[in-house]
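To keep things clear, I will list the structure first and then write my remarks on it.
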Amino acid sequence: MEKRSHLYLVDGSAYIFRAYHRLPPLTNPQGVPVGAVFGYTTMLWKLAEDLHKADGPTHLAVILDKAGKSFRNDIYPEYKANRPPAPEDLVPQFPLIRDATRAFSLPVIEEGGLEADDLIASYARAAQAQGWDVTIVSSDKDLMQLIGVAQNGARVDMLDTMKNARIFIPEVADKFGVTPDRVGDVLALMGDAVDNVPGIRGIGPKTATKLIVEHGDLESALAAAPAMKAGKLRESLIEQAEMARLSRVLVALKEDAPLPLPLEAFALGEIPKEPLADFLSEHGFTSLLKRLDAGRGSPERPTQLHPAKPVNASAPAATTGSITPLAPMPPIDHGAYACVQTLEALDAWIARAFAARVVAFDTETSALDAIGADLVGVSLAVGPNQACYIPLGHHGSDMFDEAPQQIDRAEALARLKPLLESDAVLKIGQNAKYDLNVLARAYKDFGGIAVSPIDDTMVMSFDLDAGRGDEGIGGGHGMDELAQRHLGHACIPFKEVCGTGKKAISFAQVPLDRATAYAAEDADVTWRLHRLFKLRLPQEGATRIYERVDRPLVACVAQMERHGIKVDRERLAGLSAQFAEAIASLEGEIHALAGEPFTIGSPKQLGEVLFDKMGLKGGKKGKSGQYSTDVSVLEKLEAEGVPIARKVLEWRQLAKLRSTYTEALQAAISPITGRVHTSYSLVGAQTGRLSSTEPNLQNIPIRTPIGRQIRDCFVAEEGHVLLAADYSQIELRLAAHMADVPALRAAFAAGEDIHAATAQELFGEVNRETRGRAKTINFAILYGISRWGLAPRLGVTAEEAQAMIDTYFARFPGIQRYIHETLDGVREKSYSETLFGRKCWFPRINSKTQAERQGSERAAINAPIQGTCADIIKRAMVRMMPALQAAGLGHVRMLLQVHDELVFELPEGDVEAARKVIGEVMAQAAMPLADISVPLGVEIGVGASWGAAH
DNA sequence: CGCGTCACG
DNA sequence: GACGTACGTGACGCGC
């Protein structure tokens, strides 16, 4: 049976207004706002998917309003006169709607002097006359007049894609209380404030419906007015009858307009993929692009990496393309900030934030650690100087002082929660991870607050300017520094508000006026920075790394920090005592050997004892005029048969382990959770790596048996295990790929021992000695090699080291080429780039000072490799929880990241299932953006402790 | 607060 | 001829 023709008429203009207000303010990689365009594109996509359904479209057209006046203005000049101008960031989206439609190869209809509604009505009636069904894709109430069934059985209905609802006669009756053919009469009576259709003052939807239901139609209702009982309604109907008649004409749809294109022109065929793919890719609609690629059964095509644009470091970058320069912002004015102390004021600010759809926020807490501190207040900013502070946990400055007036904390959080969690409002934080953690813990009885979606100005700054610290101004990404650098504004220093040292007070004790100035300023500054960075990201090619890697990582890492990891306190204490005993006994022996007591932990005293008092040789003084006593020096002495050297080395090791680990880790156990919560810095390492502080859980010992015991103190909860998954030799694999070294790639592909393979290539034979040398050289390559650096590590002369480097380059010419090309690129652009486009700046790469220059060169060789590795594991982290959830393993907890390793905690029974998902996500983490020509090997271990999981 | 040292990748 | 001597981190104790 042939499918009955079914015409879809899409009311494009009405749609984008709704999409604009419902969707977050996205921008495409060029910085153009495209939130509404995205919504529109998604809608077309959904419609296109219905193509093959039985009741799906056979014909489709998009109808748009054309700018300018319509015939209705000739009848009534005030028609649509009080419409506010379209929002600033919607205007550039109008032309893109046409692009989007063309990308789907769909016809667009627009005609001057006619509104979209008239064209829709005319097409609908024409189609109906031919016996076609018609679906109007809109939710505009005016169009509901068209709904119904013609004599020939052809029907007109409507589809509201946002609510995914079909609208037919019953739905119209629900809304208006009348059948569709009487909707115009109801509308004429009630008027329309948005379109400025006058109607009759004092008559709203209820009365209008009642009158039409009672009297049948408008004219009858007007005619019946004199007979009505005296009162306002009667008067209005009589006095304003003409207004109602005028309104009736205004709301009537023109159903016989000439059709710019014949109906047959709207026939749907298969939608060509190429123009669509180009459009989706141009605007960064990657989710749809993926589905498109999946749909055509081809492998996902790696999206184009950002072309490396030559950047003139001295020229401001904010002038590219057609992007309008930012309007200047007024200077920061603390007097403009509000302190919110009533629910009414709070509600007003929340409404402002919803209306602005972008809000910067900041939390103030009683202490610095996000896991232990209490929420003291929240600040919001919706524009420059439009900021407020909401105190929630302030008390008096001392115990006799009364707490200031504040909104009840639970009540305030209940009102803030919908705002902070709304998909339609972007929340901006400076180091948002901190605030995410505070708010996730606050309001706990109600599940906490899961702030989303977020932008983070600190992370944005990092993705734009990592490494740029040597250009005269600080290179950090802290708020005070960013405000100074980008806004020329000196923030109120925290210590000025809370003091320092012994006299420091909690933020909860700060008087509200000062607290407001400080806290609201933070939100204000964050808002302003966001405006600058959001524009710069696309202009400077940093959108990809920010949007795809670092931005989604914020919430992911925040959750890892909240999980924390369990440590066995008793076992740590036991080790501590054991170490203490050994330290004490070594101390005695060392003092005896030295012939006098001294402070072994003082390199100064130790050096003097060894090289002056005891007269040992090999003492070398550094620039501080002090003897060096580090491991290499002491090991050399030991090899020469100096017994005290061994003892000092042992003493050092144990002292280090005890103070840095066994003691410090016990102190780091949170009294609240009983676990240890590190804090990861997303901007700590210039290469893109994370760093870990308070405590640093990325340097827990593993290399020596004695140190490894500390890893055994990291344990899983009862009934659970720890799973450690690490990338095997990932940096060398990436070097093999990025430098294109066939021999190394082949060795990795074959699963060979890479250092042995290197030894075979370099020395022609593999034994312990050659493998060890090959390993050292392999690492030297990754770090930027020099003969003087390599020589002492191999125990050879610089000349011999140079010979090995030469051999290495001869056997693996790609490496030498990579180093040259990388350095040339960095010298020219002042930054390096990872496979995923992460930049790392090297402002001293062309320094006149050799040491400075060479240092930058070595770092520049390493940065793309170390940074790509960081990108890959970050991508794995971002994808991990969704992948685990999809596999029914949402309860698996990701706890730690140690550069090439992820540590999880999970029930024993889930090990096999989790192992599969985790291994797969990690191995595939570079795809589809970068297709690494070497497999990413992942090794997984499981055990009751971290030590046992290796 | 700078330095030397050493824990990790 | 001096410069420094492999990349990236963070924490500790000493001594000023």
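Given the structure is predicted, the values throughout are model-derived calculations rather than measurements.
- Rounded to whole Å, the distance from CD1 on Ile710(A) to C1' on dA11(C) is 13 Å.
- Residues from residues 795-813 of chain A that place a heavy atom under 4.0 Å from any atom of DNA chain B: there are none.
- Using bins of under 30°, 30° to 60° and over 60° for the plane-to-plane angle, the ring pair Tyr808(A)/Phe812(A) lands in the perpendicular bin.
- For the pair Glu852(A) CD and dT5(C) P, the interatomic distance rounds to 14 Å; values are reported in whole Å.
- Atom CH2 of Trp651(A) and atom C1' of dC12(C) are 11 Å apart (whole Å).
- Arg793(A) has a side-chain polar atom (N or O) that falls below the 4.0 Å cut-off from OP1 or OP2 of dA6(C).
- Relative ring orientation between Phe462(A) and His477(A) is described as perpendicular, the plane-to-plane angle rising above 60° on a 0-90° scale split at 30° and 60°.
- Using a 4.0 Å cut-off, no side-chain N or O of Arg858(A) falls inside it from OP1 or OP2 of dA6(C).
- Across all their heavy atoms, Phe842(A) and Ala860(A) have their closest contact at CZ-CA, 3.6 Å.
- For the pair Arg853(A) CZ and dC3(C) P, the interatomic distance rounds to 16 Å; values are reported in whole Å.
- Among the atoms of the strands shown, none is found under 4.0 Å from any heavy atom of Ala851(A).
- The distance from atom OG1 of Thr770(A) to atom CG of Leu762(A), rounded to the nearest 0.5 Å, is 9.0 Å.
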Scoring nucleotides 1-9 of chain B by protein non-hydrogen atoms under 4.0 Å (B base, S sugar-phosphate only, - none) yields ---SSBBBB
Dot-bracket assigned to DNA chain C with the 3.5 Å Watson-Crick/G-U criterion, [ ] for crossing and | for other-strand pairs, is ......|||||||||.
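- Computed from coordinates, the Phe779(A) CZ to dT5(C) P distance equals 21 Å when rounded to whole Å.
- If you take CD of Glu694(A) and P of dG10(C), they are 11 Å apart, rounded to a whole angstrom.
- In this structure, Tyr434(A) and Ala367(A) approach most closely via the heavy-atom pair OH-O, 3.0 Å.
- Using a 4.0 Å heavy-atom distance criterion, Ala655(A) is classed as making no nucleic acid contact.
- Between Thr660(A) and Ser602(A), the residue anchored closer to the 5' end of DNA chain C is Thr660(A), taking for each the nucleotide with the nearest heavy atom.
- No side-chain heavy atom of Val921(A) sits less than 4.5 Å from a side-chain heavy atom of Arg875(A).
- Distance from the side chain of Gln605(A) is smallest for dG15(C) among the nucleotides dA6(C), dG8(C), dG15(C).
- Remark: the separation of the P atoms in dA6(C) and dT5(B) is 15 Å, to the nearest Å.
- At least one side-chain heavy atom of Leu902(A) sits under 4.5 Å from a side-chain heavy atom of Met877(A).
- To the nearest 0.5 Å, the span separating CG on Leu895(A) from CD on Glu561(A) amounts to 12.5 Å.
- Between the CG atom of Leu665(A) and the C1' atom of dA11(C) there is a distance of 11 Å, rounded to whole Å.
- Taking atom CD of Glu857(A) as the reference point, atom C1' of dT5(C) lies 14 Å away to the nearest angstrom.
- Remark: the separation of the P atoms in dC3(C) and dC6(B) is 24 Å, to the nearest Å.
- The CG atom of Leu610(A) sits 6.5 Å away from atom CG of Leu637(A), with the distance rounded to the nearest 0.5 Å.
- Counting only N and O atoms by type, the side chains of Glu663(A) and Ser576(A) include a donor and acceptor under 3.5 Å apart.
- Checking dT9(C), dG15(C), dG4(C) against every side-chain atom of Gln686(A), the shortest atom distance belongs to dT9(C).
- At the heavy-atom level, Thr776(A) lies under 4.0 Å from base atoms of the strands shown.
- Counting heavy atoms from C-beta on, the side chains of Met894(A) and Cys556(A) come closer than 4.5 Å.
- Side-chain contact between Cys713(A) and Leu575(A) is present, with at least one heavy-atom pair separated by less than 4.5 Å.
- As judged by a 4.0 angstrom heavy-atom cut-off over every strand, Thr599(A) is placed among residues touching the sugar-phosphate backbone only.
- Note on Thr849(A): nothing from the nucleic acid sits closer than 4.0 angstrom, heavy atoms only.
- Partner Ile872(A) forms a side-chain contact (heavy atoms from CB on, under 4.5 Å) with one of Leu734(A), Val549(A), Thr834(A) and no other, that one being Leu734(A).
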